[in-house]
Amino acid sequence: MTTATQTPSTPTTVKPAPTGTGAPRDEHVRRRDPFALVRHSLTLTWRNLIKLKHQPEQLIDLTLQPVIFIVMFVYLFGGAIAGSTHDYLQFVLPGILVQTVVFASLGTGVGLCEDVAKGVFDRFRSLPISRYAPLVGAVLGDLCRYFVAIVVVFVFGTAIGFRVQTDALAVLATTGLVLLFAFGMCWIFALLGMTMKNPRSVQGIAMLIGFPLTFGANIFAQTATMPGWLQSWVKVNPVSHLTDACRGLLVGGPVATHVGWVLLWAAVFTAIFAPLTVRAYNRKS
Amino acid sequence: MTYAIQAEGLVKRYGKTTALAGIDLVARQGTVLALLGPNGAGKTTTTRMLATLIRPDAGHATVGGYDIVREAPEVRRQIGLTGQYASVDEEMSGFENLVLLGRLLDLSRADAKARARELLERFQLTDAGGRAPGTYSGGMRRRLDLAASLVGRPSFLYLDEPTTGLDPRSRGDVWDLVRSLVTDEGVTVLLTTQYLDEADQLANDIAVIDHGRVIANGDAAELKAQVGSQSLEIRPAHADRTADTVAIVSELTGLAPDLATNGLITVPVHDPDLLPVVVRRLDEAGIRASELALRMPSLDEVFLELTGHRTQDDAQKEADAA
Ligand SMILES: Nc1ncnc2c1ncn2[C@@H]1O[C@H](COP(=O)(O)OP(=O)(O)OP(=O)(O)O)[C@@H](O)[C@H]1O
Ligand SMILES: [Mg+2]
């Protein structure tokens with residue numbers, strides 16, 4: 001691409017030829033560049049990661065929350081629920097993995113809403129980049145955050161005695177599946193972030209969605225121990241399928257059906273909410 | 001003739017509010033067009049529309065020959081926007097903000113960094129470049145915002161109230177910058193402001209906007225001619241010379257000056273050359289003035305003249321004072 005030291009473009013015609021006024025970004029070749037979306041999205045991913053660097057408290061938030069949940073549930077309730085904290089750790093850790101990532105995906109909506117409120121997206125929208133790029137960038141950046149959270153859960157869980165009963169491949173598969181599901185889920189919150197005015201209300205509403213999803217699931221207790229009305233919700237809750245899939249992958253048990261459901265849900269969420277989010281982004285004001 | 005920016009009948013409604021009620025504008029290539037208007041006039045809405053951020057409900061506009069709706073990507077390729085409220089990313093350093101934009105405009109990593117450094121230097125932000133804009137003063141943030149809109153060397157620069165809230169020195173800096181962009185780089189500038197003197201300083205053409213309509217336009221001189229005159233303001237240093245001063249002023253202007261209780265003597269003048277004459281006469285009479293100025297009509301006076309009503313701001317001030 002042209003260098004930054006190039007002489008300033010001096011447009012001489014009022015109505016430029018189709019090739020533009022000769023400014024560095026006017027080259028038509030670039031515009032048709034099929035990789036532009038990927039490139040710009042990755043640049044915006046970098047932006048979201050830089051923000052983590054400047055706000056380390058976000059990282060602390062991301063890492064501390066699962067640690068607190070693990071400690072609280074395993075040592076506080078573990079004995080009561082499962083009879084032994086070790087058995088309960090084996091049971092609950094895959095679930096906490098899921099819960100952590102679902103909660104992390106709420107943050108996507110808040111982040112997007114802040115970008116809109118601060119006018120950062122206005123500047124992006126005035127640039128000759130794909131309108132998908134800022135959204136894809138935000139989501140990819142968040143996937144990196146989710147990944148960090150997943151690593152924290154595994155490392156801390158292992159440190160206090162969690163043992164994977166399968167193999168390393170299963171751990172990778174779990175990570176991939178959780179990320180894929182989080183990718184689907186985060187579009188719901190992205191849509192909230194795009195349509196609501198205030199980042200705080202986004203946070204509030206996202207919590208309202210996040211709580212029944214994670215607590216109305218089989219993360220902390222076996223579905224069979226619950227009353228019938230709750231069971232009927234827990235059984236259809238996509239988070240339960242993800243939890244079952246992760247348990248199966250990490251400590252053994254049936255996997256295939258649950259994975260199928262998770263993939264389906266992730267696809268459905270993405271297919272519905274990603275286009276709606278893009279539409280909201282394009283319509284903004 | 002084809003204009004660099006050409007808008008016809010732009011309309012935008014928000015529910016029952018009509019933000020724009022049919023805006024017609026033209027800007028010539030390489031000149032500054034100022035949109036002058038009070039709060040809520042529709043300046044920001046117009047700017048955002050010409051920057052392809054919002055679509056008109058009716059009417060159409062072209063920027064550099066490209067339609068703002070049908071050819072929005074081409075328009076975006078040519079414009080730089082500095083919105084009314086700073087739109088830099090608080091969570092990245094100033095330098096990173098500029099590099100990010102350079103990368104999004106497809107500069108290579110090295111070029112984006114070089115361009116960022118160049119702009120930081122040009123805007124006297126080199127030392128602050130490593131810090132987050134959250135730590136900047138209002139003037140510095142404004143400068144960073146301006147720098148951000150120049151990363152892609154736009155041929156059209158939109159500045160929405162670029163100097164509101166800046167101290168006189170920073171204001172002067174922004175003015176100098178706009179002038180240099182226009183004269184050195186041939187950039188066409190669309191500038192919104194609430195200050196007539198800013199429009200007068202910078203603009204080749206001025207469009208006065210009120211309630212989503214252009215109520216007057218022309219160059220500064222034409223507008224001033226429509227509005228009337230400037231005023232000469234004098235306050236003698238010693239109150240006992242007030243009568244003498246009034247006598248001199250009325251002799252020179254042929255008008256009866258206004259005398260305020262605080263001793264300020266005001267008289268409309270049509271001829272700016274009068275100022276040195278007044279100064280000489282006061283000097284000869286041994287009168288020292290503690291205040292002596294030719295003042296532009298204020299935006300409120302312009303409004304009063306053009307619309308018969310005051311700007312809301314001023315009406316508010318009066319309500320507060322009452
Ligand atoms: N998104 C929106 N929703 C509803 N009303 C809006 C919206 N944007 C602008 N308006 C209304 O349109 C009118 C024009 O607003 P605009 O922001 O263009 O004015 P302005 O001239 O920029 O004012 P200011 O000097 O205060 O910045 C106002 O009455 C405003 O309330
Ligand atoms: Mg405005």
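Comparing T52(B), T45(B), D145(B), N97(B) by heavy-atom pairs within less than 4.5 Å of chain A, the highest count is held by D145(B). Your options are V88(B), T188(B), L101(B), and the one with the most heavy-atom pairs under 4.5 Å with chain A is L101(B).
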### Message
Evaluate R48(B) against D122(A) for salt bridge (charged side-chain N to carboxylate O under 4.0 Å, His left out), listing each step before the verdict.
### Response
CA-CA 9 Å; R48(B) 288 169 55 86; D122(A) 263 5; 2.2 Å; yes
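In this structure, no portion of A116(B) lies under 4.5 Å from any heavy atom of chain A. Proximity to chain B is limited to the side chain of F124(A), based on heavy atoms less than 4.5 angstrom apart.
Residues E118(B) and R115(B) are paired through a salt bridge, judged by an N-O separation under 4.0 Å between the basic side chain and the carboxylate. Between K53(A) and E96(B) a salt bridge is recorded (basic side-chain N to carboxylate O distance below 4.0 Å).
Proximity of a side-chain donor or acceptor of K12(B) to a complementary backbone N or O of R55(B) within less than 3.5 Å is detected.
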